[in-house]
Structures are given as C-alpha cells and as structure tokens.
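The structure under discussion appears below in the form of structure tokens.
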Amino acid sequence: MSNRHEGIKNSGIQILLLFNAFVMLYPLLVMVTSSFKTNVELFSSPFSLPRSFALTNIATVWTDTNFVRYLANSLSVTVASILLILLFGTMAAYAIARYQFRASGLFLMFFISGMTVPLKLAIIPLFIELDRLHLVDNLAGLVLVYVAMGLPSAVFIMTGFLRSLPKELEEAARMDRASELRIMLSIMLPLARPAMVIVAIQNAVPIWNDFFFPLIFISSDNLKTLPQGLTVFMGEFVTNWGVLFTGLTLAALPITLLYVVLSKHFIAGITQGAAK
Amino acid sequence: MRSLWIGLLLAPAVIVMTAFVLFPLLSAFRYAFYEFNGLKPSHFVGLANFRQVLLEHPFSDNTYRALWHNIIVFIALMVFENGTAFLIAFALLKALPGHRIHQVIIFLPVVLSAVIVGFLWKLFLHPLFGLVNNALALVHISGRAWLGDESTALGSIIFANIWSWIGFPTLVLLAGMQRVGKELLEAARLDGAGDFSLLTRIIWPLMAPSVTIVCVLTFIGSFNWFELPYIMSGVDGSPGGSTDVLGLYFYRTAFGSETSGIQNFGQGSALAVLMFIAVAGTTAVALRYLRRREIEV
C-alpha cells in the first residue's frame, strides 16, 4: 500500500514540475515563434506556429537599427571588464595570499568590505567624478565602474583559492632561482584556473545584463549597450510587434546559448555570488 | 625589492577601488548636506535636504508612497516567490527522473536581463493583443489593461519579477535542503516520520542558513527595485504613481523625469543616504535575529 501511495505522490510531484516547466518556457517559446510572424499573423493567430520561418524580421533588425552596434558595445564592455577584474583581482589576491606582510589582513578587509557596498546609491558622486575625468558618455568609464564593482568578490574568491595551493611548488622554484614574476605566471596561476572561471561567470552575467549604469552614463546612441539600446529599439518599432519580438529574441540569444552549455557553472556562480 | 613587488601587485586594484567605490561612497554622505548648482555642490545647507524628502510636501508624500510600494513588493515576493520556490525546491529534493533539467529550466530566466523580461511581459500584458488576455479569452474570461489600471499595475510587475527570478530562491533553498544528509532523513523515515514531519522537524530547522540568505536578499532586492518598473511602467511609476518605488523616485529626483529635466543632486543624495541607512540597518538587525533563530531551531 505504501508503495502505491508513494507512486501517486511522485506522479503528483512530476505533474507539478511539468506545469512549472511549462510556465517558465512557454513565454520564451512564444517570444521566439512571434519573432517570425507579421503583425497580421500575430494578432489573428497568436498561439499557432508561424506560417514561415522567413528571416525578414531579423533582416530588419540587423540592417535598419543600431542593434549590431549595441551588441558589439555590450560584448566589448563585458570582455574588457572581465579581463581587468581577473587581472587586477588575481594580482591583489596573489599578494595577499602568497606573501606574508603586516598589512595583508587590512587589505583583505578593505576588499571584503567593498562587497557589501551598494554602488548604485553612490551614483551621484560617481557621475560627478566621471564627468570631471571626461569619462561620462565613454565606454571606458563604464568599464572602470564595473571593474570596481567586481573586484571585491574577485579578490575574496581568488585569495581563498590561492591560499589553498601548497607552498612546496613555489619554494622548489625559488630554490631554482626563478623570479617571483615567473613563479606567479608559470607555476601558481595555471593552478588557479577553476577559481577564475567562477569569477568570470559571476561577473559576466550582471555586467552583460546591466541597465542602470549605462542609463546614467551613456547618452550617445553609438555607445549604448544592448539592454539600453533595446529601449531605443522598442520605442522605434512600437507598432511592428514581429520586429519587437525579434529584437528581444536576438538580445536573449547569446546568454541563453551560453547558459545552456555551461548551466552548471552559471548556477553555481550566480547562487554563490549572491550568497557572499 | 620584495615590498615593491607586493605594492605593484596590489596597486591597480586598490587604486580602482579607492577611486570608484570608497571616494564616491564617502562623497555621497557629504553631498546630502549640500545644495547643488548644476554638477557642483554650492553651499552647505545642513539637514534641509533630509527635511524636504521626509517632511515637506510634495516631496515627502512621494517618499512615503514609494516606500509603501517597496514594502508591498517585499511582502509579495516573500509570500508568492519564496513560498512557491520552497514548494518547488521540496519537489526537486525527491530527485525524481528529470530533476536536473527542471533545475536548468527554472533558472533560465534568471540569466536574462531585466530589460528583456520587462519588455516581454509588457507585450504579453498588452490589453488588446497581449498573450495574457488572448489566453484568458480562450476560457471566456475578459481581460483588462493590466499595466494601465492602478489596481493591477504593481501586481503585474511583481508577477514578471516572480517569473524571472523564482529560480534563484528555488536553487538556493534546494541547496540548503540537500545539505541535510541523506542518512539523517533515512533514519527519521525508519523511525516512522512522514513527509510533513520530516519537513517541519528536520529539514526546516537544518536549512535555516539558506532561508536567512533568501530573506535578506529578497529584502535588499525589493528595496533596490528599479529596472522592471522603469521598463514596464516608466520612470514616473505610471499609472498615477501606482507603481512608483524608491528607486524610481530617487532616479527622477537626481536625473530628471520624463516631463521635467529638473535635477536635484542634493535631495537625491539625501534620499540615497536614507535608503542606504534603512536597508543596511534593517539588514543588520534582521541578520542578527535570523542568525540567532538558526541556532535555536
């Protein structure tokens, strides 16, 4: 009896989960199918599959809007920010983790306390400062802000990881008179790759998706990032829904593909990152 | 030589952090006491900015209305988002066939930008052509202008928030549940504990740390609410201010609204400082309480 009872309960759970999966995926499915439809088709048969998978809407987005530009801007801002976060973060973490000096604990505290700061609330002084440095309406300014935001958790994660590496490797190399730079680059850092992946993903998603900082700092259309450019685009094509859905689909595509391939890393990175 | 090397390693990170985190943060507190002339703090005005946003009409009305909406958002997310997340996490804990795919699916919208989510649901909630009203028409329920109606606008944005973000608390809570060892659950089951008492007596107390994290992050998230209402109902919190929240009000005060380009950096800074103190203070008190609860239960 208990077995049958268990079976009924399990199918109940499966039905609940399937329903949930439907609620999560159906809106995205409609977004994708709608992107192949014309207005007439969208409004007359909203639930059906598109009559053709012609690429007219995509062509419109590609050629008649600044979409490609927005995409390229987002990509370069994200890549530049991640590289700098990894570079500066690993350097600082390496100093704190692998050398003993008096102020090392103080530096670690300095970075860790940065994790709790909501930088959005300091947006006014940040704006004034960047304006003085001529970095408003400049992608480099945006990158610097993202690097500052990403560094605290990067230093925290990298320090923890670098500390766990054994001392023997480093000491053997020192006996052989390898320079400190060489020891760092060719012995220690290759071992730190897993931690770097976590840092990269944890920062890439919020930077790629960010809307707030570009909204404040970027005003030229040619410098807008994808989420910000999307607001321009949605305003221009208000009456052409097929094109609107195409824009949303194309904007969602890169990160969705990456997520599907690396879902384990994404989930681990994002849930850990927020739990810090 | 050695200290030069260490200094070189630390310098870039320390400089960037000092210039773009520490300095602006300290300035934010200072600016709240100044009146601004364009981008320059012109003269010290004491607590005038704080008095305006907290006590003077019409600013204070706006502040409290926005604050009230943030509180509604927080309560709604705690009950509906985290409540559902808890149920789904418990369902996933059984590790039935396909549970990994379900985890990947529920987390998918979490990686999408709030801008995409906001626009998608804005289109779906369109009164005439939106997916939601179309679907309701199939079962003969008449739809409405979800985002155009003061009584449903805030709820609609909260719904979009839940749809896009529910995967996050689900997987954090699931991880918390999984930390309760299998052996312990087996042992309790052998002692005749049913699902319900297993949940209330063993899993719930032992997963307390993950509940703490979810509560605190939901609180911080609700008070930082900005992107979704900005996209779905505009910077003025339309219709009729029914979706206005502190994030939008702060943005309008500091950077101008759609109808007026008036920027008031002094008042904006005062709002930012108040929000910072409120959120940080509440979080600290809540953490103390929740941590103590973790030990007791």
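Screening B:Trp225, B:Phe226, B:Tyr230 for a ring pair (Phe, Tyr, Trp, His ring centres under 6.0 Å) with A:Phe212, the sole residue that qualifies is B:Phe226.
The distance between the ring centers of A:Phe266 and B:Phe107 does not fall below 6.0 angstrom.
The greatest number of non-hydrogen atom pairs below 4.5 Å with chain B, out of A:Val23, A:Leu16, A:Leu42, is found for A:Val23. Contact tally against chain B (heavy-atom pairs below 4.5 Å) for A:Leu126, A:Val155, A:Val205: the top residue is A:Leu126. Residue with the most contacts toward chain B among A:Asn10, A:Val145, A:Val117, A:Leu25: A:Asn10 (heavy-atom pairs, distance under 4.5 Å). Contacts with chain B were tallied for A:Asn20, A:Asp210, A:Leu84; A:Asn20 has the most, counting heavy-atom pairs under 4.5 Å. By number of non-hydrogen pairs under 4.5 angstrom with chain A, the leading residue of B:Leu22, B:Ile166, B:Asp195 is B:Asp195. Ranking B:Ile220, B:Leu8, B:Val16 against chain A, the residue ahead of the rest is B:Val16, based on heavy-atom pairs under 4.5 Å. Listed options A:Leu133, A:Leu87, A:Leu248 were ranked by heavy-atom pairs under 4.5 angstrom with chain B; first place goes to A:Leu248. The residue among A:Ala252, A:Pro27, A:Ala93, A:Ala251 with the most heavy atom pairs within less than 4.5 Å of chain B is A:Pro27.
The shortest side-chain heavy-atom distance between B:Phe90 and A:Ile13 does not fall under the 4.5 Å cut-off. A 4.5 Å side-chain heavy-atom check between B:Lys94 and A:Lys9 finds at least one atom pair inside the cut-off. Using a 4.5 Å heavy-atom threshold, the side chains of A:Leu18 and B:His102 count as touching. Contact of the B:Phe119 side chain with the A:Leu244 side chain is not registered, since no non-hydrogen atoms from C-beta on lie closer than 4.5 Å. Two residues are said to be in side-chain contact when any heavy atoms from C-beta on lie closer than 4.5 Å; A:Pro46 and B:Phe129 fail this criterion. With contacts defined as side-chain heavy-atom distances shorter than 4.5 Å, the pair A:Leu215/B:Tyr251 qualifies.
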Item to check | Steps toward side chain to side chain contact (heavy atoms under 4.5 Å, CB included) verdict (A:Leu28, B:Leu120) | outcome: CA-CA 9 Å; A:Leu28 295 173; B:Leu120 187 63; 4.2 Å; yes
Item to check | Evaluation steps, side chain to side chain contact (heavy atoms under 4.5 Å, CB included), between A:Met31 and B:Leu123 | outcome: CA-CA 10 Å; A:Met31 173 178 83; B:Leu123 292 178; over 6 Å; no
Checklist entry - So A:Met184 and B:Leu9, side chain to side chain contact (heavy atoms under 4.5 Å, CB included) or not? Walk me through it. => result CA-CA 11 Å; A:Met184 178 170 98; B:Leu9 287 174; 3.9 Å; yes
Next on the checklist: Between A:Phe110 and B:Leu10, is the side chain to side chain contact (heavy atoms under 4.5 Å, CB included) condition met? List the steps.
Outcome noted: CA-CA 12 Å; A:Phe110 172 69; B:Leu10 283 168; over 6 Å; no
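For A:Leu119, the part lying under 4.5 angstrom from a heavy atom of chain B is the side chain only. Contact annotation for A:Ile128: only side-chain heavy atoms (C-beta onward) come within less than 4.5 Å of a heavy atom of chain B. For A:Trp241, the part lying near chain B is the side chain, with the backbone staying farther off; criterion is any non-hydrogen pair under 4.5 Å. The contact between A:Thr231 and chain B is made by backbone and side chain atoms together, counting heavy-atom distances below 4.5 Å. For a residue to count as touching a neighbouring chain, one of its non-hydrogen atoms must lie under 4.5 Å from one of that chain's; by this rule B:Ala11 does not touch chain A.
Distance alone, capped at 3.5 Å, places no donor-acceptor pair between the A:Tyr99 side chain and the B:Ser3 backbone. In terms of modelled atom types and a separation under 3.5 Å, the side chain of A:Asn209 and the main chain of B:Ala114 share no donor-acceptor contact. Side-chain atoms of B:Trp5 never come within 3.5 Å of backbone atoms of A:Leu181 as a donor-acceptor pair (strictly under, hydrogens ignored).
Residues A:Met91 and B:Pro12 share a closest heavy-atom pair of CE-CG, 3.7 Å. Summarising the geometry of A:Pro227 relative to B:Val115, their closest heavy-atom pair is O-CG1, 3.4 Å, with the distance given to 0.1 Å. Nearest heavy atom pair, residue B:Val111 against residue A:Ile255, reads O-CD1, 3.5 Å. For the residue pair A:Ile124 and B:Tyr31, the shortest heavy atom distance occurs at CG2-CD1, 4.4 Å. Taking both residues in full, the closest heavy atoms of B:Ser27 and A:Pro125 are given as CB-CB, 3.6 Å, listed atom of the first, atom of the second, then distance. Minimum interatomic distance between A:Gly114 and B:Met17 (heavy atoms only, all atoms of both residues): CA-CE, 4.1 Å.
For B:Phe20, the ring-ring contact (aromatic ring centres under 6.0 Å, His included) test picks out no residue, with sequence neighbours left out.
Residue B:Ile231 holds its CD1 atom at 4.0 Å from CZ of A:Phe211, rounded to the nearest 0.5 Å.
Around CZ of B:Arg2, the count of heavy atoms belonging to other residues, nucleotides or ligands within 6.0 Å exceeds 12.
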